[in-house]
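Have a look at the structure below before the remarks.
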2 protein chains.
Amino acid sequence: MDERTTGRAAGTEAPSVRLLLADDHPVVRAGLRAVLETEPGFRVVAEASSAEEAVRLAGELAPDVVLMDLQFGERMLGSEATERIASVPGGPRVLILTTYDTDTDILNAIEAGATGYLLKDAPPEELAAAVRSAAAGRTALAPAVASRLVGRMRQREAALSRRETEVLSLVAEGLSNQQISKQLFLSQATVKSHLAHIYTKLGVDSRTSAVAAATSQGIIRR
Amino acid sequence: MDERTTGRAAGTEAPSVRLLLADDHPVVRAGLRAVLETEPGFRVVAEASSAEEAVRLAGELAPDVVLMDLQFGERMLGSEATERIASVPGGPRVLILTTYDTDTDILNAIEAGATGYLLKDAPPEELAAAVRSAAAGRTALAPAVASRLVGRMRQREAALSRRETEVLSLVAEGLSNQQISKQLFLSQATVKSHLAHIYTKLGVDSRTSAVAAATSQGIIRR
DNA sequence: CGGCGCATCGATCGAAAGGTGTAACGGCGC
DNA sequence: GCGCCGTTACACCTTTCGATCGATGCGCCG
């Protein structure tokens, strides 16, 4: 709530946390820079506007923490960049900073090795605290994210197989069983079979409600 | 790329454009502030974190331009706030600044009286230029937005009626014709009738593809 | 005032989708 | 090796959906 100085004295040797900002929105990068550089103990060493650039700069500059967006323009390589950066043993911690909070996004990011997951509507103090936690190696989750995680763990049924997800995606695009069977070189019976399994797993009983459920849970995008 | 001074001399009488930033993300507000205040001729007089606050501050402070987000937390009152601010005769110009660029969003915003429509991934120069245009009363559209608009005008068929949109939304949530009829106190015949019209207008032939088409065109959300 | 679009309801009929049961095959773990 | 799971596939039956005819009342506009 109230502002208070950290326990450590400031004048020792300035152990600033070195940051890399990765986001495709210039405005967001400027905002993060503004918010974080006013806080003591942070130094933004570089900005990346694409996932590829983030991976490259993370390797070259070896920052302490990478603040990473999950949505980069059209392609969603944010999670992949996270994985590549986080896989380096002594490498930077990766803090995900995104607008959305779908279950699968969160899970994927954590599986990719992210140290924390923040939402962009987080207040500056929360942001700064999370970065400090990440720099120290501690996990940092936004409250909204944390509650989603436990809810997700409680009913981990909704794990569709790769094929099922593929079928459901085509359903979401509006294709009929007929069209899906042709596109995937299957019989309609198989498509129906997949759909029946999907319905059971999602607890629904129609293609449209399956799409609705999967979309709200972030299993399929768009 | 390179920094350069503006053509106008700075010392005349400082006719700064007075700005109100309305966005629910603190980081974005800070970013806008950082980007715009480094440019000469802009002054941020206030920030609003909700649509209601934006309307109130716009009335009290009478800024020249309001930079307005369309998505405020859960409810989408951004367009409503735009309408209320823009309806005042001598009032501020409203510049929409959002992440999404769906057709109906753009159309609604412009109908609500917005002077311009920008995307958050716009580079700082484009942003500053748009604000200057808006302050001068000129319309400012992001290139991506402009091209969408003309494409939209070309095939303006897809205008669903209010009732049709309502039905389609329920379809998108996964309800059956039966359930929709009960929820809207209609007969299934009427629901079917609405759907048939919807299919004709959207050029599709199934509920799922109607949802897909409407979603991609931004007619329905989520 | 006579259309026109919108919203409401009805009936019919064929096609599509969903429910249930059954089964084969390959991979993976205990 | 045996069982579980994912993927593929088929048959039969019921329900739902979509397409195509209708029809009525209402408000708006030229």
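By convention in this document, chain letters (A, B, ...) are assigned in the order of the sequence lines, proteins followed by strands, and residues within each chain are numbered from 1. Small disclaimer: the values here were computed from a predicted structure and weren't measured.
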Pairs under 3.5 Å (N/O, protein and nucleotides 21-27 of chain C):
none

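- Taking five base pairs at each end of the helix from dC1(C)-dG30(D) to dC30(C)-dG1(D) and finding the rotation axis that steps the C1' atoms of four pairs onto the next four gives two axes whose angle is 40°, to the nearest 10°.
- Considering only side-chain N and O atoms, Tyr199(B) lies under 4.0 angstrom from the phosphate OP1 or OP2 of dG18(D).
- Side-chain contact between Pro63(A) and Pro92(A) is present, with heavy atoms from C-beta onward closer than 4.5 Å.
- For the atom pair CG (Asn177(A)) and NE2 (His194(A)), the distance works out to 11.5 Å, reported to the nearest 0.5 Å.
- Ile198(A) places its CD1 atom 12 Å from the P atom of dG19(C), with the value rounded to the nearest Å.
- At whole-Å resolution of the value, NE2 in His194(A) and P in dG6(D) are 11 Å apart.
- Atom CG of Leu202(A) sits about 9.0 Å away from atom OG of Ser216(A), to the nearest 0.5 Å.
- Sequence neighbours left out, the pairs with a member in residues 163-175 of chain A that pass salt bridge (Lys or Arg N to Asp or Glu O under 4.0 Å) are Arg163(A)-Glu166(A), Glu164(A)-Lys201(A).
- In this structure, CG on Leu21(B) lies 7.0 Å from CG on Leu36(B), to the nearest 0.5 angstrom.
- To the nearest 0.5 angstrom, Phe185(A) atom CZ is 14.0 Å from Thr190(A) atom OG1.
- We find the CG-OG1 distance between Leu118(B) and Thr98(B) to be 10.5 Å, quoted to the nearest 0.5 Å.
- In this structure, Leu202(A) atom CG and dG18(C) atom C1' are separated by 15 Å, rounded to whole Å.
- Considering NE2 of His25(B) and NZ of Lys120(A), their distance stands at 8.0 Å, rounded to 0.5 Å.
- Closest to the Leu195(A) side chain, of the nucleotides dC6(C), dG18(D), dG18(C), is dG18(C).
- Heavy-atom distances under 4.0 Å link DNA chain C to Ser176(A), Asn177(A), Lys192(A) of residues 164-192 of chain A, given in residue order.
- Put simply, Arg162(A) has no side-chain N or O that comes within less than 4.0 Å of OP1 or OP2 on dG6(D).
- Take Thr208(A) and apply the side chain to side chain contact (heavy atoms under 4.5 Å, CB included) test, not counting sequence neighbours, and it matches Ser206(A), Val171(B), Arg207(B), Thr208(B).
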Query - Ser133(B) and Arg138(B): CA distance, side-chain angles, deciding distance, side-chain hydrogen bond (donor to acceptor under 3.5 Å, both in side chains) verdict - result: CA-CA 5 Å; Ser133(B) 289; Arg138(B) 276 175 284 121; 3.2 Å; yes

Which protein N or O atoms sit under 3.5 Å from an N or O of nucleotides 28-30 of chain D?
none

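- At most 12 heavy atoms of other shown residues, nucleotides or ligands fall within 6.0 angstrom of atom CZ in Arg84(B).
- A donor-acceptor contact closer than 3.5 angstrom is absent between the side chains of Glu83(B) and Ser87(B).
- For the pair Arg207(A) CZ and dG19(C) P, the interatomic distance rounds to 11 Å; values are reported in whole Å.
- Looking at Gln183(B) and Leu175(B), their side chains come closer than 4.5 Å, going by heavy atoms from C-beta outward.
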